[in-house]
Amino acid sequence: MEFKEKGRYNPEALDYMEKVQPLEFAKLSPLRRLNYLLDVVENLRSDSLQEYIDILMKNYKEKIDVEYIDSSNPFLLEFLEDLDSLKNYPELATYNINFFLNILDLPQNNKWKVEKMEVPQANFLRSFLVPKYVNLKSLVKAVGREEGISIYKKYITSFLISIHKNQEDEIEDLRSLHQKFFEEEPKESESWVVIHSEPVNGKLVFRKDVCLWNESLSDLTDLEFKFLVCCYGDFQGIRSENSHFILTMDHTIAKGDPYCSCIVHDTRIDWKINHPPKEYWDNIWPLHEWQ
């Protein structure tokens, strides 16, 4: 295989400014994800749901310095109207929103309710990653590590199936997937570096050498939690592109490896789902100084 490098590492990428409309994004990501997670916990461990909610609120509250919204705010019920589980717990929703807004570190005025705001990319990434980490950490506290991780994995897979149900098999083959992933150069602010090759014999091989998501979570210590928050959804995400695709990824930056080793297998061409050892990935391209 002939490999190419895409992108350029920028150590200042997390300082670049990102535009976001806070309330729109809150509903799209942290609130919607928490709403779905509550459904999954209720279905699988209904006896622990209230304990889980109590732990969540405690963990959110500890990280809130500014109260942007209180639970008596009249717009809150309308805002939660289509979140069937979360609207039953307005206090939990309030803590979740305030936690999210505190991570964005917005000015204490009302402009963020209607306007797009500029925030450092680090804050933007953390605003949806850290709540996921806290959601998982709280679930493990409520039901134990092994069961909590099992439930969280089922939630991620089920959630991604639900949001991609009308987009299945939009990518025809691995060549089309390669074009989607690697055709355009990333923006300087994205700072992703990927070593990739053209698909061969039903395999699309690439190595991700930079992960800004992981860099933004440098203060969080549980590597398994970070893997689940940053990487686990990729497995179902690839299947959502085409139901014949399977992703293998034995090494990940989130778990402490110097890169993420990735192969997308097209099972219509080859059902041999093997993944080369670390020596192969070390040698497809020189390792960078930051690795």
Side-chain angles (χ1 to χ4, degrees), residues 20-106 110 112-114 117 123-143 147-166 225 228-230 232-233 236:
V20 60
Q21 206 305 298
L23 287 183
E24 288 179 4
F25 190 62
K27 198 168 188 177
L28 178 67
S29 186
L31 285 171
R32 181 171 61 158
R33 289 175 180 274
L34 178 58
N35 182 75
Y36 201 98
L37 179 54
L38 292 177
D39 277 344
V40 172
V41 174
E42 184 170 24
N43 288 334
L44 298 178
R45 278 298 303 266
S46 59
D47 59 313
S48 297
L49 178 61
Q50 188 57 55
E51 180 183 3
Y52 178 48
I53 289 171
D54 292 341
I55 294 170
L56 271 176
M57 289 196 294
K58 178 178 180 295
N59 286 338
Y60 290 157
K61 186 177 180 180
E62 289 175 351
K63 296 172 171 43
I64 294 172
D65 295 320
V66 178
E67 188 178 79
Y68 291 91
I69 293 175
D70 63 67
S71 57
S72 64
N73 195 308
F75 101 99
L76 188 63
L77 289 179
E78 181 180 348
F79 188 66
L80 300 173
E81 181 58 33
D82 57 347
L83 300 174
D84 292 339
S85 290
L86 201 52
K87 69 182 180 182
N88 295 321
Y89 304 99
E91 187 177 11
L92 173 63
T94 303
Y95 280 126
N96 181 275
I97 296 172
N98 278 312
F99 180 32
F100 163 79
L101 295 173
N102 271 261
I103 296 172
L104 288 178
D105 193 22
L106 300 174
N110 289 324
W112 55 267
K113 291 184 177 180
V114 292
M117 309 296 291
N123 295 17
F124 172 72
L125 295 176
R126 286 177 64 84
S127 73
F128 64 88
L129 292 171
V130 176
K132 293 200 290 183
Y133 186 98
V134 172
N135 293 348
L136 171 57
K137 181 179 178 180
S138 302
L139 183 58
V140 164
K141 177 72 172 178
V143 302
E147 187 174 5
I149 287 174
S150 175
I151 291 172
Y152 197 79
K153 286 180 175 180
K154 292 174 183 176
Y155 144 70
I156 292 175
T157 299
S158 179
F159 176 75
L160 290 174
I161 289 173
S162 74
I163 64 174
H164 293 300
K165 61 184 176 182
N166 297 321
F225 287 0
L228 291 168
V229 164
C230 294
Y232 191 76
Q236 180 57 45

Enquirer: Of the non-hydrogen atoms in Leu23 and Lys113, which two are nearest, and what is the gap between them?
Expert: CD1-O, 3.7 Å
Enquirer: Is the Tyr95-Tyr60 ring centre distance short of 6.0 angstrom?
Expert: no
Enquirer: Do Leu104 and Met117 have side chains that approach each other closer than 4.5 Å (heavy atoms only, starting at C-beta)?
Expert: no
Enquirer: What about Tyr152 and Tyr232, are their ring centers closer than 6.0 Å?
Expert: no
Enquirer: For Ala142 versus Glu51, what's the shortest heavy-atom pair and its separation?
Expert: O-OE1, 3.8 Å
Enquirer: For the pair Asp82 and Lys87, find out whether any cationic side-chain nitrogen is under 4.0 Å from an anionic carboxylate oxygen.
Expert: no
Enquirer: What heavy-atom pair brings Leu38 and Leu86 nearest, and what distance separates the two atoms?
Expert: CD1-CD1, 3.7 Å
Enquirer: Quick one: does Leu80's side chain get under 4.5 Å of Asn88's, heavy atoms only?
Expert: no
Enquirer: Can you see which heavy atom on Pro90 is nearest to which on Leu76, and at what distance?
Expert: O-CD2, 3.8 Å
Enquirer: Mind checking whether Val66 and Leu101 have side chains closer than 4.5 Å, heavy atoms only?
Expert: no
Enquirer: Could you walk me through whether Ile149 and Lys153 pass the side chain to side chain contact (heavy atoms under 4.5 Å, CB included) test, one step at a time?
Expert: CA-CA 6 Å; Ile149 287 174; Lys153 286 180 175 180; 3.9 Å; yes
Enquirer: In terms of relative ring orientation, are Tyr68 and Trp112 parallel, tilted or perpendicular, with 30° and 60° separating the classes?
Expert: perpendicular
Enquirer: Tell me if the NZ atom of Lys132 is crowded by more than 12 foreign heavy atoms within 6.0 Å.
Expert: yes
Enquirer: Look only at the side chain of Asn35 and the backbone of Ser85, and say whether a donor-acceptor pair between them is shorter than 3.5 Å.
Expert: yes
Enquirer: Would Phe124 and Phe25 count as a side chain to side chain contact (heavy atoms under 4.5 Å, CB included) here? Give the steps.
Expert: CA-CA 10 Å; Phe124 172 72; Phe25 190 62; 3.8 Å; yes
Enquirer: May I ask you to decide if the ring planes of Phe225 and Tyr133 are parallel, tilted or perpendicular, using 30° and 60° as cut-offs?
Expert: perpendicular
Enquirer: Determine yes or no for a side-chain-to-main-chain donor-acceptor pair under 3.5 angstrom, with Arg45 supplying the side chain and Val41 the backbone.
Expert: no
Enquirer: Is Asn96 reaching over with its side chain to a backbone N or O of Leu92, donor-acceptor style, under 3.5 angstrom?
Expert: no
Enquirer: Could you check if a side-chain atom of Val134 sits within less than 4.5 angstrom of a side-chain atom of Phe99, using non-hydrogen atoms only?
Expert: yes
Enquirer: Restricting to non-hydrogen atoms, name the atom on Leu139 and the atom on Tyr52 that form the minimum distance, rounded to 0.1 Å.
Expert: N-CE1, 3.2 Å
Enquirer: For the atom pair CD1 (Ile97) and NZ (Lys27), what is the distance rounded to the nearest 0.5 Å?
Expert: 9.5 Å
Enquirer: Are there over 12 heavy-atom neighbours, none belonging to Lys63, within less than 6.0 Å of that residue's NZ?
Expert: yes
Enquirer: Can you tell me how far the CD1 atom of Ile151 sits from the CD1 atom of Ile156, to the nearest 0.5 Å?
Expert: 12.5 Å
Enquirer: Counting neighbours of CD on Glu62 that are heavy atoms of other residues, nucleotides or ligands and sit closer than 6.0 Å, is the number greater than 12?
Expert: yes
Enquirer: Above 12 or not: heavy atoms from other molecules or residues under 6.0 Å from NZ of Lys58?
Expert: no
Enquirer: Tell me if a side-chain donor or acceptor on Asn98 pairs with a main-chain N or O of Ile69 at a distance below 3.5 Å.
Expert: yes
Enquirer: Can you measure from CZ (Phe79) to OG1 (Thr94) and round to the nearest 0.5 angstrom?
Expert: 11.0 Å
Enquirer: To the closest 0.5 Å, what do you measure between CG (Leu49) and CG (Asn43)?
Expert: 10.0 Å
Enquirer: Provide the closest heavy-atom pair for Leu44 versus Lys154 in the form atom of the first, atom of the second, distance.
Expert: CD1-CD, 4.0 Å
Enquirer: Let me confirm one number: the OG-CD1 distance from Ser158 to Ile163, rounded to the nearest 0.5 Å.
Expert: 10.5 Å
Enquirer: Can you label the angle between the Tyr155 ring and the Phe159 ring as parallel, tilted or perpendicular, going by 30° and 60°?
Expert: tilted
Enquirer: So for atom CD, which belongs to Gln50, do other residues, nucleotides or ligands contribute more than 12 heavy atoms lying within a distance under 6.0 Å?
Expert: yes
Enquirer: Working to the nearest 0.5 angstrom, can you tell me the gap between Leu56 CG and Glu91 CD?
Expert: 12.0 Å
